Amino acid sequence: MKQETIASTPVEPANAAQAHVKSVLSIEKLSVGFGSGKNIEQVTDKVSLNIHKGETLALVGESGSGKSVTANSVLKLLPKGSSHYMEGSITFDGIDMLSCTDRQLRGIRGGRIGMIFQEPMVSLNPLHKVGKQLVETLAIHRGMRATKAEALAVSWLKKVGIRSPEHKISAYPHELSGGERQRVMIAMALINEPELLIADEPTTALDVSVQAQILDLLKDLQQELGMAMLFITHDLSIVRRIADRVAVMKQGEVVEIGTCQQVFAAPSHAYTQTLINSDPRGLPVDIEPSAKTLLAVNDLKVWFPIKGGLFKKVVDHVKAVNHMQFQLKRGHSIGLVGESGSGKSTTGMAILKLVQSEGLIEFDGQDIQTLDRKGMLPYRSRMQVVFQDPFSALNPRMSVAQVIGEGLRVHFEHDDDVLDNMICDVMKEVDLDPETRHRYPNEFSGGQRQRIAIARALILKPEFILLDEPTSSLDRTVQAQVLDLLKSLQTKHALTYLFISHDLNVVKSLCHYTIVMRNGEIVEQGDTQTMFAAPEHDYTKTLVSLSSF
């Protein structure tokens, strides 16, 4: 692996007081590779890290930099057979982790070392209630009987901020919100009071308000338990909030390490400087104030019925969206912000007529609410959508050319040669190499997959694009690139965006107008720059203050 010139990579403690504190975890010159036989690709190169009791070390870098590989190596969670620990050592409290047997590791995993994974819906067993999963870890590591274990599980659910823990302990993961599932994961990781917690992107897809609650919770529990924490993230605002020291990784190497204050005040490596300068900046594109209205929404309601009783009659409704109204002019962008469950995505789906709703939805002068499936067909190509997770939004069995060209095949009749030329042209527009069009989505990075999703929408030459959290799962550097791309495409094609996000800094950079939603209703709306400078509603003030880290 290519070595970079590293200006300074100290591995000593953050301060003199810690110099006499024994490391809880010590990683020395760890090199890891994947493959078999002679075809082993090295992915980390001589990584060295130390974490002390009560300290938080943030491990930052882009996707593919080796952060998660390094973290998963601690508990030997990498795939057996295809992963190889080529050199180096990992020592936890004097124990050589790489030479541990599976039985020894089972005693440490979830007991002395806890781990919070990025996506709780994947990590939690969907077939078991959360209570059973919490009780199980207590039985394994502490030999606790069911009654006592369940009582402790309830107390931990309460401790991590879950309301009505006595009822939620009987819930399945899919019955909980994203924030609640993440809190269950935290409870599961900490219930055995570990000496070390490894948190791998635990707040990536959460709203800023929930994110702040989770970070505060982790810091409080860390102080209570006196544990060390390895916190993996690509979000530097989180690093500023939670870390004592920072280690920056690029292409499998640690290129800089130091105290949080040192790294942010005077980054010594060029890559660290790039990361720090990649926060969303700039203003929305110039617009024509007198532009005509493209989309008008008035008194939009999306109510989901609640059925009960012997005959399953409708006894109430979940008011997901209530009395929503706004106007979006051609070439303009509106941001929809709010916490999970506020009705942002439901509003977007209703506008595209992907969920049933009531109220006026007028597109280019036509009330599309009254149109049936056949009547909507001419509008489908004019109204497109880009989803949050490009990997799940792209069919893994289809090549990139098939993914991008699928809409054209549905709406228009083109010769194969014409279709191929159009696919190549739109790939160039989104800065993708047309020569890669016969590859499959899993062969591309997250940022490239999002560009594929944008190309799929763009090839139909739409006038309106719904962007549902399109940058939330991307690294800061990639996020900045995608935002620049969206702005340039908007200018070039006079595109109109409805942008759904929980990241107010991204909204400020892209959107001319912002609507703040809570519990299905608008709490404040107005010019983006004005609203963020002087928010009026208490909820908006909270969101703005939390996004300023």
Side-chain angles (χ1 to χ4, degrees), residues 174-175 177-178 207 292-308 312-330 332-389 392-393 407 410-411 457 460 462-470 495-502 507 511 513-526 539:
H174 72 271
E175 296 177 303
S177 70
D207 314 312
K292 293 183 178 180
T293 298
L294 177 66
L295 176 68
V297 174
N298 188 39
D299 198 26
L300 182 69
K301 297 178 183 178
V302 182
W303 291 11
F304 297 109
I306 300 173
K307 296 182 179 181
K312 298 297 180 183
K313 291 183 178 181
V314 176
V315 295
D316 203 350
H317 289 85
V318 174
K319 298 178 182 179
V321 177
N322 208 21
H323 305 303
M324 168 62 70
Q325 62 180 51
F326 63 87
Q327 290 189 348
L328 180 53
K329 295 182 177 181
R330 288 183 180 273
H332 292 218
S333 300
I334 286 182
L336 273 184
V337 302
E339 58 193 17
S340 292
S342 62
K344 307 185 304 293
S345 294
T346 305
T347 297
M349 295 300 101
I351 289 169
L352 294 176
K353 292 200 67 178
L354 297 177
V355 296
Q356 191 172 355
S357 64
E358 296 179 9
L360 176 71
I361 306 172
E362 192 173 88
F363 183 82
D364 195 19
Q366 169 67 50
D367 182 5
I368 62 174
Q369 186 73 281
T370 61
L371 300 178
D372 58 14
R373 183 177 178 277
K374 185 177 180 181
M376 272 298 296
L377 283 177
Y379 293 92
R380 290 295 180 201
S381 61
R382 300 172 66 185
M383 306 171 73
Q384 286 292 298
V385 60
V386 176
F387 294 103
Q388 177 176 350
D389 183 3
S392 59
V410 171
H411 292 282
L460 291 167
E463 298 156 64
F464 167 81
I465 300 181
L466 170 66
L467 299 159
D468 192 354
E469 300 272 15
L495 292 171
T496 305
Y497 293 148
L498 180 61
F499 189 86
I500 297 170
S501 181
H502 63 258
V507 172
C511 299
Y513 193 87
T514 299
I515 298 172
V516 181
M517 294 187 69
R518 191 179 193 189
N519 298 328
E521 297 189 350
I522 297 173
V523 297
E524 188 170 353
Q525 59 181 314
Y539 179 64

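Computed from a predicted structure; not experimentally measured.
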Between [atom1] on residue [X] and [atom2] on residue [Y], distance to nearest 0.5 Å:
X      : Y      : atom1 : atom2 : result
Phe499 : Lys344 : CZ    : NZ    : 11.5 Å
Leu467 : Gln384 : CG    : CD    : 11.0 Å
Phe464 : Phe363 : CZ    : CZ    : 7.5 Å
Met383 : Leu460 : CE    : CG    : 13.5 Å
Gln327 : Glu362 : CD    : CD    : 8.5 Å
Gln369 : Met376 : CD    : CE    : 9.5 Å

Item checked: Lys/Arg N to Asp/Glu carboxylate O, Arg382 vs Glu463, below 4.0 Å -> yes
Checklist line | Basic-acidic side-chain contact under 4.0 Å: Arg330, Asp364 | finding: yes
Is the shortest heavy-atom distance from the side chain of [X] to the side chain of [Y] under 4.5 Å?
X      : Y      : value
Phe304 : Lys319 : no
Arg380 : Lys353 : yes
Val318 : Trp303 : no
Lys292 : Lys329 : no
Ile351 : Val297 : yes
Ile522 : Gln525 : yes

Worked check of side chain to side chain contact (heavy atoms under 4.5 Å, CB included) between Phe326 and Leu295
CA-CA 8 Å; Phe326 63 87; Leu295 176 68; 4.0 Å; yes
*Apply the test side chain to side chain contact (heavy atoms under 4.5 Å, CB included) to residues Leu300 and Leu360: give CA-CA distance (whole Å), side-chain angles for both, the deciding distance (0.1 Å), then the verdict.*
CA-CA 6 Å; Leu300 182 69; Leu360 176 71; over 6 Å; no
What are the two closest heavy atoms between [X] and [Y], and how far apart are they?
X      : Y      : answer
Tyr539 : Glu339 : OH-N, 3.1 Å
Val507 : Ser501 : CG2-CB, 3.8 Å
Pro462 : Ala457 : CD-O, 3.3 Å
Val302 : Ala350 : CG2-CB, 3.8 Å
His411 : Leu377 : CE1-O, 3.8 Å

Next on the checklist: I'd like to know if the side chain of Glu521 pairs up with that of His323 as donor and acceptor (distance under 3.5 Å, no hydrogens or angles considered).
Outcome noted: no
Which of Ile334, Val337, Leu336, Thr347 passes side-chain contact (heavy atoms from CB on, under 4.5 Å) with Ile500? Answer is Leu336
Quiz prompt | Heavy atoms from other residues, nucleotides or ligands near CD of Glu358 exceed 12 (cutoff 6.0 Å) | solution = no
**Request:** Would you check, one step at a time, whether the test side chain to side chain contact (heavy atoms under 4.5 Å, CB included) holds for Leu328 with Leu294?
**Result:** CA-CA 6 Å; Leu328 180 53; Leu294 177 66; 5.9 Å; no
Exercise. Start with the C-alpha gap between Leu352 and Val385, add the side-chain angles, then the distance that decides, and say whether side chain to side chain contact (heavy atoms under 4.5 Å, CB included) holds.
Key: CA-CA 9 Å; Leu352 294 176; Val385 60; 3.8 Å; yes
